[in-house]
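Just so it is clear, the values below take in all heavy atoms, side chains as well, and ignore hydrogens, waters and symmetry mates.
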Amino acid sequence: MFELGTGGLAAAYVMLGVILLSLHLYSRWSHWIKIMVTVLATAFMLVTYKSLPGLQGWPLTTEKLPSRLYLLAVEISEPDSVYLWARDLDVGTELQRPRAYELPYSSKLHQQAVGSGRKLRRNIAQIVEIDPAGKTVKVPGSSEVPVKQNVIRFLDAPQGLLPPKE
């Protein structure tokens, strides 16, 4: 398949800018139509720019986490993030492509993820349950409003959850 990546997207943005500039300079359309076309094109560029990381495979952040994951691997990037490579169980147990999920680092999550990683290496399947309602915590030394955190639990998966490997 032919892929251009971000270079192709940048070239498309430049081309769109050239088209909009020629529209403004050489078209006899009214100013209101030119303004509306420019605003619409800018809105579509912003939507494309914001959608691109999800299409490129960047990890999903805590706002977009499913409630249950079938864990495949763990990576800890101390003190920034904990990355989970997992399948979304909210959409079913049929075979699907795994996805990366990024969670904010905490020492408790670090310990849970390390323990779960050890079990994965011993071939004990793991499920991650995420409670989006979570709990409200106040960051020490901060006078700001308390922050809502997800409650995350790592559990042993029941046998026979996924189809056997071929």
Side-chain angles (χ1 to χ4, degrees), residues 1 3-13 16 39-165:
M1 186 175 164
E3 291 186 31
L4 295 175
T6 54
L9 185 64
Y13 283 169
L16 187 58
V39 168
L40 202 65
T42 304
F44 280 123
M45 285 194 298
L46 290 173
V47 167
T48 305
Y49 178 75
K50 290 290 188 182
S51 302
L52 189 64
L55 296 174
Q56 287 184 321
W58 292 103
L60 290 179
T61 56
T62 54
E63 305 90 47
K64 302 175 185 174
L65 289 175
S67 64
R68 292 175 12 128
L69 298 170
Y70 182 80
L71 188 63
L72 301 172
V74 175
E75 181 176 325
I76 300 167
S77 176
E78 189 175 353
D80 299 322
S81 301
V82 173
Y83 296 97
L84 305 177
W85 185 253
R87 288 190 176 111
D88 182 358
L89 289 177
D90 288 346
V91 295
T93 57
E94 68 273 353
L95 289 177
Q96 56 179 307
R97 295 197 184 262
R99 172 112 197 166
Y101 299 92
E102 180 180 11
L103 303 171
Y105 180 86
S106 72
S107 60
K108 180 181 176 188
L109 182 59
H110 182 146
Q111 291 171 352
Q112 288 177 323
V114 166
S116 189
R118 284 188 193 122
K119 288 183 177 182
L120 283 173
R121 284 189 293 279
R122 291 191 319 237
N123 291 326
I124 300 172
Q126 296 291 296
I127 289 182
V128 181
E129 287 186 345
I130 300 157
D131 183 8
K135 60 181 179 180
T136 305
V137 295
K138 184 167 179 158
V139 179
S142 173
S143 61
E144 295 182 20
V145 178
V147 179
K148 196 170 231 180
Q149 273 188 337
N150 293 328
V151 174
I152 300 167
R153 290 182 296 279
F154 292 82
L155 308 167
D156 293 348
Q159 295 297 322
L161 180 64
L162 291 179
K165 295 180 184 177

Any salt bridge linking D88 with R99? Criterion: basic side-chain nitrogen under 4.0 Å from a carboxylate oxygen. no

Where do L69 and W85 land on the side-chain contact (heavy atoms from CB on, under 4.5 Å) test, with the steps shown first? CA-CA 9 Å; L69 298 170; W85 185 253; over 6 Å; no

On a heavy-atom basis, which atom in A125 and which in Y70 lie closest, and how many Å separate them? CB-OH, 3.4 Å

Search all heavy atoms of L109 against all heavy atoms of P104 and return the closest pair with its distance. CD2-O, 3.5 Å

So if I apply the side-chain contact (heavy atoms from CB on, under 4.5 Å) rule between L84 and each of I152, L103, L72, which one comes out positive? L103

Over 12 non-hydrogen atoms of neighbours within 6.0 angstrom of CZ in F44: no

Find the distance between CD (E102) and CG (D80) and round it off to the nearest 0.5 Å. 8.5 Å

Please say which of R153, Q111, Q126 ends up in a side-chain hydrogen bond (donor to acceptor under 3.5 Å, both in side chains) with S116. Q126

With side-chain contact (heavy atoms from CB on, under 4.5 Å) as the criterion, how do I130 and R68 come out once you've worked through the C-alpha distance, each side chain's angles and the decisive distance to 0.1 Å? CA-CA 6 Å; I130 300 157; R68 292 175 12 128; over 6 Å; no

From I124 CD1 over to L120 CG, what is the distance, rounded to the nearest 0.5 angstrom? 9.0 Å

Given 3.5 Å as the limit, does a donor-acceptor pair link the side chain of Y101 with the main chain of Y83, or not? no

To the nearest 0.5 Å, tell me how far E129 CD sits from F154 CZ. 11.5 Å

Would Y105 and V82 satisfy side-chain contact (heavy atoms from CB on, under 4.5 Å), going step by step from the backbone distance to the final call? CA-CA 6 Å; Y105 180 86; V82 173; 4.0 Å; yes

